[in-house]
Structures are given as structure tokens and as C-alpha cells.
Protein chains: 2
Amino acid sequence: MLHEDVVSRIRAILLDGEIPPGARIPERELCERLEISRTPLREALKVLAAEGLVQLLPHRGSRAAKLTDKDMRDLFEVCQGLEALAGELACERITDAEIDAIAAAHAAMVQHYRDGDLIQYYRGNRAIHEAIVSAAGNPVLAGLYTSVTARIRRARYVTPMTPQRWALAVKEHDAILNALQRRDGAGLSHILRAHLRHKREEVLQAGFAETEGGDLTLKIA
Amino acid sequence: MLHEDVVSRIRAILLDGEIPPGARIPERELCERLEISRTPLREALKVLAAEGLVQLLPHRGSRAAKLTDKDMRDLFEVCQGLEALAGELACERITDAEIDAIAAAHAAMVQHYRDGDLIQYYRGNRAIHEAIVSAAGNPVLAGLYTSVTARIRRARYVTPMTPQRWALAVKEHDAILNALQRRDGAGLSHILRAHLRHKREEVLQAGFAETEGGDLTLKIA
DNA sequence: TTTTACATTTTTGAATGCAAAATTTGCGAT
DNA sequence: ATCGCAAATTTTGCATTCAAAAATGTAAAA
């Protein structure tokens, strides 16, 4: 197995929450599971530590990183900035074909909203945001975005999705698509910021927290 | 020596240009120099690869990453976005003491400009930008900024600093300080963008390029 | 003289082994 | 029974070793 694959597989394990935040990462066990020895595993853990997904404690092993409220706020803030930038750049560079693809994804997402299928809605939502970042044509930006969103997603927060919030989010997405189609960079940037700010407020208001024990607390209204 | 120190020392070697872009990284030699064995060295190299400073080629060892023109453009674009965000956040959170410190650093930098001391000017310039990012109070943002600027600085480009350009840069810095003192986030963000855009134009117009051989070409007007 | 096939050397990537550090266990004292 | 302390065990971090892949050198053939 290639080095990068080892990193990806452990990343997936962390993102799936299989090893909860704050929990020790069982070296020996992971070695057996991935059928590799400790050397490549430890190399991967150090890479993931640099990414912020793993926390290394000298002579005390590695743990799945635990996010505080402040961490979450910081990550959202940066994510907002990155998406705003991506939006501006995307408007300068996006092709008609890419816009059409996003419009199609948008329509599908709206249908999931009408169907009340939250899971599929989230999936479509994420695909749209990723498509905008991709359309910015900046791999450096895309890389940072992936890393930051991975850390956010890692938290597996659940926010109470009220009909009002959901309707607002869909409305914002209409505006996002509209700005993209008009290639209005400043406008798109502005809408994306507001959209992310609302999402952040949701998450933090919902009372995001990761407890000492390693499992997460989800305060659902 | 601690893992993180190994990473830092190799990073420094790369940033100093001691191993030029595109050049192979001599494992055995570095091991002797840092007085460590291959295992911790290779762990560090993989971390630096994730950071974008090192390029890993399967079964062919590692090389100091080489930046293309496009990479440079992408990095500057992201840097611009990060600094703009930092400026906005800094205006919300910066303390009077921090503003005073930046004002002092600014005055010192202007004096270096009057003295025609380019090296010291650059040093002061960098300190101010870092202070603004730090004042944003967002460690995630600070981390990404450090990583991106390291990669840019890695290139050791030299731009022809004409008196006009230099004067403009100083003028922009006056505006930066002014916006900070007025805590005008939008204004500061705007000025920082322009400032970085000018710098990027300088660098790219100067004809940044990194040749195959490993050393860099500096086209100085 | 140039090119190609093959053997040798070097280098890479990963497993194992070993010493140091931390954690757990066991036992005696209170 | 509980607390404290020392021995035993486990785990970590790194050096070494080993197999496989790539690079290099050599010699024979065109």
C-alpha cells in the first residue's frame, strides 16, 4: 500500500468518527487492520498531526484531535474566507459547462429539500461548495479548503435543522447560483460569507462541544 | 531531538535555499548532519511533503519542491485572501497595545526605507504583516498563513525594487497602519489586497521561474 | 563507435529489534 | 479497605536490518 493511501485510510477512519475525538489511537491494532508495520503507520500519523487531525503527545502516543468551541469558530472563520476567495476567483474563471453542472447539482439539491431528504441535501450542498472551489482553478486554495472542511466535518456536529433555517439556506443557495451565473464575484463572495456565517452560528448556538471522554456531545434543541 | 525540531530544521534548510528547488534531498547526508537515523528523517520529509515544501516520488526519493509560475500565482492569490481576512479580523480584535507595537514597527520600517536599507526594510515589512495576522487571534489562519508564505519565500525571487515601487509600497503601508488605527476592517482588507496584488505583479513580471537544474533563474530588469 | 542486454551497486521503503519512558500491577503499611 | 510506592509490563521512539526497486557500470554485438 502506498504512503498516501495509508494517510487517506486513517483520515477516513478519523472522519468517520470510528476513533472518537480525544481517544487514543491504538497503534498495534491499526497496524494489524491495515496490514502494515509501525513505521509507515507512524509516518502517516505525523502527517495527519501536521494537518490537525491528530494530536501527538511526546512519549504518550497519539490521539484523535479534539476540537474546542474556539477551534470550531476559528475553522469556520477561515473556511468563510477561503470560500469567499474561491467564489471571486470562480466567477473570473468558471466555464459555461461548469456553471451548467453546478446548476444541475443545485436543482437536484432543491429537489432533495422538497423531498425533505436531509442526508441527500447535505451531500448535494457539499458537492456544490466543492465545485465552486474547484472552479476557482487554484489547487493551493483547494488543498487548504479540503483540509479545513475535513477538520470541521470531523466534529460530526448535528444542528437542529428547523424549517426556517433550511428554507433560508436554500434561498441563499439560489442567490449563490444566480451570482455564479452572472459571474458576479463580489456578490458571490458576499453571499457565501453570509451563508457560512449562518451555518457557523447554527453550529455554535447548537452548543458544539467535544467532551473529555472522547465521545461528542450533541445538544439538539 | 524532538520530531517537531527535526521538521523545523529541515524546513530551515529548504527555506535557506541550501537545498535548491528540484534538487534531490540526500537522505544519508542529512542523517549524519542532524545526527539522527533515517526513520525520523523520513517522517519529517513526509510532513514537509504534506506542507508542499518537499516532493515525494515513489521509489525515487524526495526532492525539494519546485515552484512553477502557476504555483507562484496560486500561492499569492491565497496569501492575499488570508491576509485580507486577517486584516478584517484584526480590526475587530486588536488591542491598543498591539496597534502601538505595529505603529512602532512601521516607523522603524519607514526609517529603513529612508536609509535605503532594503534588507532591514523587508524584515520589518514581514514583521508587520505577521503582526496583523497574529492580531487576528485565529491560530488556524496563522498556521495556514505561515505555510503559504514559507512556500512563497522559499522561491527566493528577487524583484527589481525601483524607487517608484518602493515609494508606493511604503505609501500603502501608511494606509495599512491608518486603517488599523481606525479599526476599519473593510478598508484594511482592501488595502492589503491591493498591496499583495502589487507584490505579486512585481514578482511575476520580474519573470519568476525555477529551472530544471535546481537553481533558480532570477531575471532582474 | 554506438547500442543494448545483463550484472552490480546503490537507494528506497518497510519490518524488526532494542533502549528509554510511561503506565499498570502488586504488595505492604496505615 | 485504601493509599503509597516499587516492580513488572506495555508502549513509545529510534536504530538497524532486510527485501525490492532503480540507477549505474560493463561487456558484447551491431
Side-chain angles (χ1 to χ4, degrees), chain A residues 1-14 17-66 210-215, chain B residues 1-14 17-66 210-215:
Chain A
M1 184 158 43
L2 218 56
H3 163 72
E4 200 42 56
D5 296 327
V6 176
V7 175
S8 297
R9 288 193 59 182
I10 302 173
R11 202 197 327 256
I13 290 172
L14 292 170
E18 212 173 314
I19 299 177
R24 276 183 65 139
I25 293 172
E27 264 189 24
R28 195 73 62 183
E29 204 176 293
L30 266 185
C31 284
E32 287 168 21
R33 175 160 162 197
L34 302 183
E35 292 175 305
I36 54 176
S37 76
R38 285 179 59 223
T39 305
L41 175 74
R42 289 169 52 78
E43 284 174 353
L45 288 179
K46 300 215 161 159
V47 168
L48 291 166
E51 273 181 38
L53 282 171
V54 165
Q55 194 180 0
L56 297 177
L57 300 102
H59 295 287
R60 292 190 177 193
S62 42
R63 299 176 162 274
K66 202 169 46 185
E210 286 180 346
T211 56
E212 269 303 315
D215 57 335
Chain B
M1 185 159 41
L2 218 58
H3 163 71
E4 200 43 55
D5 296 327
V6 177
V7 175
S8 297
R9 288 194 58 181
I10 303 173
R11 202 197 329 254
I13 289 172
L14 291 169
E18 212 174 315
I19 299 176
R24 275 184 64 140
I25 293 172
E27 263 188 26
R28 194 71 59 181
E29 203 177 295
L30 265 186
C31 285
E32 287 167 22
R33 176 162 163 195
L34 302 184
E35 293 176 302
I36 54 174
S37 77
R38 286 180 60 223
T39 306
L41 176 74
R42 290 169 53 78
E43 284 173 354
L45 288 178
K46 300 215 163 157
V47 169
L48 291 166
E51 272 181 38
L53 282 171
V54 165
Q55 194 180 3
L56 298 177
L57 301 101
H59 295 286
R60 295 195 175 191
S62 41
R63 298 175 163 276
K66 202 169 46 187
E210 285 180 345
T211 57
E212 270 301 316
D215 56 335

### Task
Apply side-chain contact (heavy atoms from CB on, under 4.5 Å) to the pair Leu53(B) and Ile10(B), showing each step before the final yes or no.
CA-CA 10 Å; Leu53(B) 282 171; Ile10(B) 303 173; over 6 Å; no

### Query
Can you name the nearest heavy-atom pair linking Leu41(B) to Glu27(B), along with the distance?
CD2-O, 3.6 Å

### Task
Identify the two heavy atoms, one from Leu57(A) and one from Arg63(A), that lie closest to each other, and give their separation to 0.1 Å.
CD1-CD, 3.6 Å

### Query
Between Val6(B) and Pro40(B), what is the shortest heavy-atom contact and its length?
CG1-O, 4.2 Å

### Task
Let me see the working for His3(B) and Val47(B) under side-chain contact (heavy atoms from CB on, under 4.5 Å), right down to the final yes or no.
CA-CA 10 Å; His3(B) 163 71; Val47(B) 169; 4.1 Å; yes

### Query
Hey, mind stepping through Arg42(B) and Glu43(A) against side-chain contact (heavy atoms from CB on, under 4.5 Å) and telling me if it holds?
CA-CA 8 Å; Arg42(B) 290 169 53 78; Glu43(A) 284 174 353; 3.9 Å; yes

Please write out the pairs of protein N or O atoms and N or O atoms of nucleotides 7-14 of chain C separated by less than 3.5 Å, giving the distance to one decimal.
residue : atom : partner  : partner atom : Å
dT11(C) : O3'  : Arg24(B) : NH2          : 3.4
dT12(C) : OP1  : Arg24(B) : NH2          : 2.8
dG13(C) : OP1  : His59(B) : N            : 2.9
dG13(C) : OP2  : Arg42(B) : NH1          : 3.0
dG13(C) : N7   : Arg38(B) : NH2          : 2.9
dG13(C) : O6   : Arg38(B) : NH1          : 3.2

### Summary
chain B reaches DNA chain D, atoms under 4.0 Å from its heavy atoms, from dC14(D) to dA23(D)

### Message
Angle between the two end axes of the helix from dT1(C)-dA30(D) to dT30(C)-dA1(D), five base pairs per end, rounded to 10 degrees?
### Response
10°

### Query
Should Arg33(A) and Ile13(A) count as side-chain neighbours, where that means a heavy-atom distance under 4.5 Å?
yes

### Message
Testing the basics here: between Gly52(B) and Ala65(B), what is the closest heavy-atom pair and its distance to 0.1 Å?
### Response
O-CB, 3.4 Å

### Query
So which heavy atom on Ser62(A) is nearest to which on Val54(A), and how close?
CB-CG1, 3.8 Å

### Task
Quick one: closest heavy-atom pair of Leu34(B) and Met1(B), and the distance?
O-CE, 3.6 Å

